J.: 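This structure is in C-alpha cells; I'll ask about it shortly.
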Amino acid sequence: MKTIKETQESLRKGEISPDELLAQFFSRIEERNGEVNAILSLLEKKAKEIGEKDEKAPLYGAVFVIKDNILIKGESCTAGSKLLEHYRAPFDATVIEKIKEEGGVFIGKANMDEFAMGSSTENSAFGVTRNPRDLERVPGGSSGGCAAAVADEMCNVALGSDTGGSIRQPAAFCGVVGFKPTYGTVSRSGVMSMASSFDQVGPLANNVEDAELVFETIKGKDHRDSVTSDLKRKKVKKSIKVGVPREYFVEGMEQEVKEALEEAIAKIEKEKEIEVEEVSLPHTTYALPAYEIIMASEVSANLARYDGIRYGLEFERPAAQTIQEAYLKNRGEGFGKEARRRILLGTYTLSAGYYDAYYIKAQKIRSLIAEDFDEAFKEVDVILTPATPTLPFKIGEKVEDPLAMHLSDIFTVTANLAGLPGIIIPCGEKKGLPVGAQILANRFYEDVLFDAAKRFEKAWQK
Amino acid sequence: MINKKEIEKLAFLARIRLDKSESKDIAEDLESILKYVQKISKVHTSDVEPLFHFPELRNVVRKDEAKTIDRDTQKEMMGMGKDKDDYLKVESIL
C-alpha cells in the first residue's frame, strides 16, 4: 500500500485519476465488506469531493474511514448502538472540519463496539467485524472497523478514538499502525464522549509517516474542547535511549507475543544510535483496576444523556406512565449488555459510601502511575512495550467473560491514565497473525515519539 | 457482595431496566470486576493527591456571549423529529 505522499505524487503525475483511486477502494469495500463488516455506512458523495480539492493540500489523496462515534454533518452516526440507529449528525466534528480543509475525503463510517466500549467489536448492535487477516478472529476494538478497513485496503487511512487502547489494540490485532496522541492535543468536539479524562482521537494508518501527517492536521487548541492545548516542537536527539519496562513482560502473556517482542527488541538493539535498557514502572499491576473504576465512573455520567427522547430513538411503544418509566424502558432496551454493565459499575463506584474507596482511590493510583512514567522518562526517551498480551483471539472466545476481555487492554490503559502519546507498529508475525509493539513517550513529546517510531518501523521491516 | 436489592437499586439509579435473569448475570459480572479492582486497596495512598487533570493543561476559555440558534438547528442538535410552534415535541409520558 502506498503512503499518502506517494498517492499524492501519483495523482499529480496523472498516473492515477482521483476517480480511479476511489474506485479501487469502493470495489474493495463491495468485494469484502459483506464478510468483514468494517463499514456501517458508505459516504459516496463525500468521497467524490476529492475532485474539488487542492492538489497541493497536505492530505490530498487521503481517503478516510471514520469511526462511527465521530460526527460528519448530515450523516448517520450510530456509535454502534441501537439507541442512535436513527441519529443524524447536526454538525462536523472539529477533526472532520480540519481534514476537509486540508484536502482529505471520507469514504465510510466504521463499525465499533457500542459507545466505544469493548476490545473486539463484538459489542456492536450492527454485527461483529471480522479480522481481515483471519475471518474467524476478532479485529480488536473498539475501533475494530477502522483497523480492519485499513488492513483490508478499503481506505488508505482511518480516524478512531482511544479511551483505554481502542485505537492501539485493534491496530495491533490487524497489523496496522495506530496512534493515540497526548491527552489534550486533539479536539474532541463532535466526538461522542465515553470517559472524558481519557478520550483522545487519532489515526489508524499503513505506516508511521501517514499517522504523523494526519496528526499534524488534526491537532491544536480548540475553543470547543476546553482541555485542548497547542504543542510546542520538541528537539529530536540523534542518539536515543529506549526503556523496556520489566513489569510488562510478566503476567498472562502468550509465549508467541513474548517471543515476537524479544525478536523485535533484538533487531533495534543492532541499530546505530539506539540504546536499549530496562526500566521499572512499579505500579503497573494496579493500572487496569484503576482504569476500570475511573472509566466506568465517567461512562455512567457521560451516557446519562442517552434517555431515548433526544438523539433520535424511535421505539414503538405505548406511552409510559411516568418519566422515570420512560427512561428505564428506553435505556434498558437501548443499551447493549456491555454498556449496561459499565454504566451500572460506574453508578456503584460513584455512589455514596463507595466513592472514596473506589473513585478517589483509583485517581490516587493514577497519580502513582503517572509518577512512574515521569521517573522513567528522566532516564529514557521512549518506552517500548508489547501492544497486547495475546494474539488476536477467536470470535466468541471472550465475549461472555468481561474480565478476560478487559485484560486485553492491560498494556494500553497506562498511556490513557498518564495522558501519554502511544503508537503501535507491527513488529512481527506469529502463527500467521500480526504482533504489535507499542512505543510511548512523555506527554507532548510527539516529535520524539514519531522519530523513534520511524526508526523502529524501518528496523522491523528489514 | 452485591445482593438482589442492591442491583435493583443500582439499576434504578442508572435508569436501566433489567429483567430478572439478567440482573443475576450482571450482579455476578460486577462482583468479579469489583473483586479484581479491590487490588488497589492494598496500596498506601494517604500522602498521594488524586490526579484529576494534567499539570500542562489549562482551561480553554472564551467570552460568554449569547448566540441565537434558529429552531431548525436547535431541533437538529437535539436530534428530535417533531416540533410544534416554538416548541420541540416529545412523546407524551403522563
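Chain letters run A, B, ... following the sequence lines, proteins first and then strands; every chain starts at 1. As the structure is a prediction and not an experimental result, all values here were calculated from the model.
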J.: Between A:A304 and chain B, with a heavy-atom cut-off of 4.5 Å, which part of the residue counts as in contact: side chain, backbone, both or neither?
T.: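 Contact with chain B is absent: no heavy atom of A:A304 under 4.5 Å.
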J.: Without swapping roles, check the side chain of B:R15 against the backbone of A:Y327 for a donor-acceptor pair under 3.5 Å.
T.: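 No, B:R15 side chain to A:Y327 backbone: no donor-acceptor pair under 3.5 Å.
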J.: With side chains defined as the heavy atoms from C-beta onward, is the minimum distance between B:V60 and A:D222 less than 4.5 Å?
T.: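 A side-chain contact under 4.5 Å is absent here.
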J.: What's the verdict on side-chain contact (heavy atoms from CB on, under 4.5 Å) for A:L288 and B:Y36, showing C-alpha distance, side-chain angles and the deciding distance?
T.: CA-CA 9 Å; A:L288 192 61; B:Y36 172 70; 3.5 Å; yes
J.: For the residue pair B:S41 and A:K361, confirm or rule out a side-chain donor-acceptor distance under 3.5 Å.
T.: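 The answer is no; no qualifying pair exists.
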J.: So for A:L345, is it side chain, backbone, both, or neither that comes closer than 4.5 Å to the heavy atoms of chain B?
T.: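 Interface part for A:L345: both.
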J.: Please classify the contact of A:T228 with chain B as side chain, backbone, both or neither, using a heavy-atom distance under 4.5 Å.
T.: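 Contact with chain B is through both the backbone and side chain of A:T228.
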J.: With chain A as the partner, which of B:D25, B:L30, B:I2 has the greatest number of non-hydrogen pairs under 4.5 Å?
T.: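 The residue among B:D25, B:L30, B:I2 with the greatest pair count is B:L30.
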J.: May I have the step-by-step check of side-chain contact (heavy atoms from CB on, under 4.5 Å) for A:V227 and B:F54, ending in yes or no?
T.: CA-CA 10 Å; A:V227 297; B:F54 298 106; over 6 Å; no
J.: Given side chains that start at C-beta, do those of B:V37 and A:Y291 come closer than 4.5 Å, heavy atoms only?
T.: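 No, their side chains stay 4.5 Å or more apart.
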J.: Will you find, in the side chains of B:E56 and A:Y183, an N or O donor that is under 3.5 Å from an N or O acceptor?
T.: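 No, because no side-chain N or O of B:E56 sits under 3.5 Å from a partner of the opposite role on A:Y183.
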J.: Which heavy atom of B:L51 sits nearest to which heavy atom of A:A370, and what is that distance?
T.: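 Between these two residues, the closest heavy atoms are CD2-CB, 3.9 Å.
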J.: Between B:K9 and A:Y348, is any pair of side-chain heavy atoms under 4.5 Å apart?
T.: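 Answer no - side chains too far apart.
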J.: When rounded to the nearest 0.5 angstrom, what distance separates OG in B:S23 from CZ in A:R340?
T.: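 Answer rounded to 0.5 Å: 10.5 Å.
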J.: Are more than 12 heavy atoms, taken from residues, nucleotides or ligands other than A:R305, located less than 6.0 Å from that residue's CZ atom?
T.: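 Yes - once you tally the heavy atoms of other residues, nucleotides and ligands closer than 6.0 Å, there are more than 12.
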J.: Please state whether the side chain, the backbone, both or neither of A:L417 comes within less than 4.5 Å of a heavy atom of chain B.
T.: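 When you check distances to chain B, only backbone atoms of A:L417 fall under 4.5 Å.
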J.: Determine the minimum heavy-atom distance between A:Y286 and B:K39, stating which atoms define it.
T.: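 Distance-wise, the nearest heavy atoms are CE2-O, 3.6 Å.
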J.: Where do B:I33 and A:H406 come nearest, in terms of heavy atoms and distance?
T.: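 Heavy atoms of B:I33 and A:H406 come nearest at CD1-CE1, 4.2 Å.
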J.: Is the count of non-hydrogen atoms from other residues, nucleotides or ligands lying under 6.0 Å from A:F377 atom CZ greater than 12?
T.: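 It does: A:F377 CZ has more than 12 such atoms within range.
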J.: Should we say atom NZ of A:K234 is surrounded by more than 12 heavy atoms from elsewhere, each under 6.0 Å from it?
T.: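 Yes, because the 6.0 Å sphere around NZ of A:K234 holds more than 12 heavy atoms from other groups.
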J.: Return the minimal non-hydrogen interatomic distance between A:S367 and B:V48, and the atom names on each side.
T.: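 Heavy atoms of A:S367 and B:V48 come nearest at CB-CG1, 3.7 Å.
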J.: Of the backbone (N, CA, C, O) and the side chain (C-beta and beyond), which part of A:D401 lies under 4.5 Å from a heavy atom of chain B, both, or neither?
T.: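 Nothing of A:D401, per the 4.5 Å heavy-atom cut-off to chain B.
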J.: Given side-chain contact (heavy atoms from CB on, under 4.5 Å), test A:Y358 with B:I40 step by step and report yes or no.
T.: CA-CA 9 Å; A:Y358 288 101; B:I40 63 168; 5.7 Å; no
J.: How long is the span from the CD atom in A:Q363 to the OG1 atom in B:T45, to the nearest 0.5 Å?
T.: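 Result: 12.0 Å between the selected atoms.
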J.: What part of A:L407 is in contact with chain B, defined as an atom under 4.5 angstrom from a non-hydrogen atom: side chain, backbone, both or neither?
T.: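 Side chain only.
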J.: Keeping the roles fixed (side chain from A:T347, backbone from B:A14), state whether a donor-acceptor pair exists under 3.5 Å.
T.: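 Looks like no, no N/O pair under 3.5 Å.
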J.: Is it true that atom CD of B:E6 has more than 12 heavy atoms of other residues, nucleotides or ligands lying nearer than 6.0 Å?
T.: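 Yes, the 6.0 Å shell around CD holds more than 12 heavy atoms from other groups.
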J.: Please classify the contact of A:Y306 with chain B as side chain, backbone, both or neither, using a heavy-atom distance under 4.5 Å.
T.: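 When you check distances to chain B, no heavy atom of A:Y306 falls under 4.5 Å.
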J.: A:S226, A:G346, A:G332: which one forms the most heavy-atom pairs within less than 4.5 Å of chain B?
T.: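 Looking at each of A:S226, A:G346, A:G332 in turn, A:S226 comes out on top.
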J.: Before you tell me yes or no, could you show the steps for A:R366 and B:F52 under side-chain contact (heavy atoms from CB on, under 4.5 Å), namely the whole-Å CA-CA distance, both residues' side-chain angles and the distance that decides it to 0.1 Å?
T.: CA-CA 9 Å; A:R366 189 176 184 180; B:F52 291 123; over 6 Å; no
J.: Roughly how far, to the nearest 0.5 Å, is NZ of B:K42 from OG1 of A:T285?
T.: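 The distance works out to 8.0 Å.
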J.: Heavy atoms, side chains only, cut-off 4.5 Å: are A:R443 and B:P55 in contact?
T.: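 A:R443 reaches B:P55 side chain to side chain.
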J.: Given 3.5 Å as the limit, does a donor-acceptor pair link the side chain of A:S229 with the main chain of B:L57, or not?
T.: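 It does not hold such a pair.
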J.: Based on non-hydrogen pairs under 4.5 Å, which of B:E22, B:H53, B:R58 is most in contact with chain A?
T.: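 Going by pairs under 4.5 Å, I would pick B:E22.
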J.: Below 4.5 Å, heavy-atom pairs only: which of B:D29, B:N59, B:D19 has the largest tally toward chain A?
T.: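 Max contact count across the listed options: B:D29.
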J.: Could you go step by step and tell me if A:E333 and B:R17 meet the salt bridge (Lys or Arg N to Asp or Glu O under 4.0 Å) rule?
T.: CA-CA 8 Å; A:E333 289 170 23; B:R17 177 168 290 157; over 6 Å; no
J.: How many angstroms lie between CZ in A:R341 and CD1 in B:I16, if you round to the nearest 0.5 Å?
T.: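 Answer rounded to 0.5 Å: 12.0 Å.
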J.: I'd like to verify something: which residue of B:V43, B:I7, B:L18 has the highest number of heavy-atom pairs under 4.5 Å with chain A?
T.: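 Looking at each of B:V43, B:I7, B:L18 in turn, B:V43 comes out on top.
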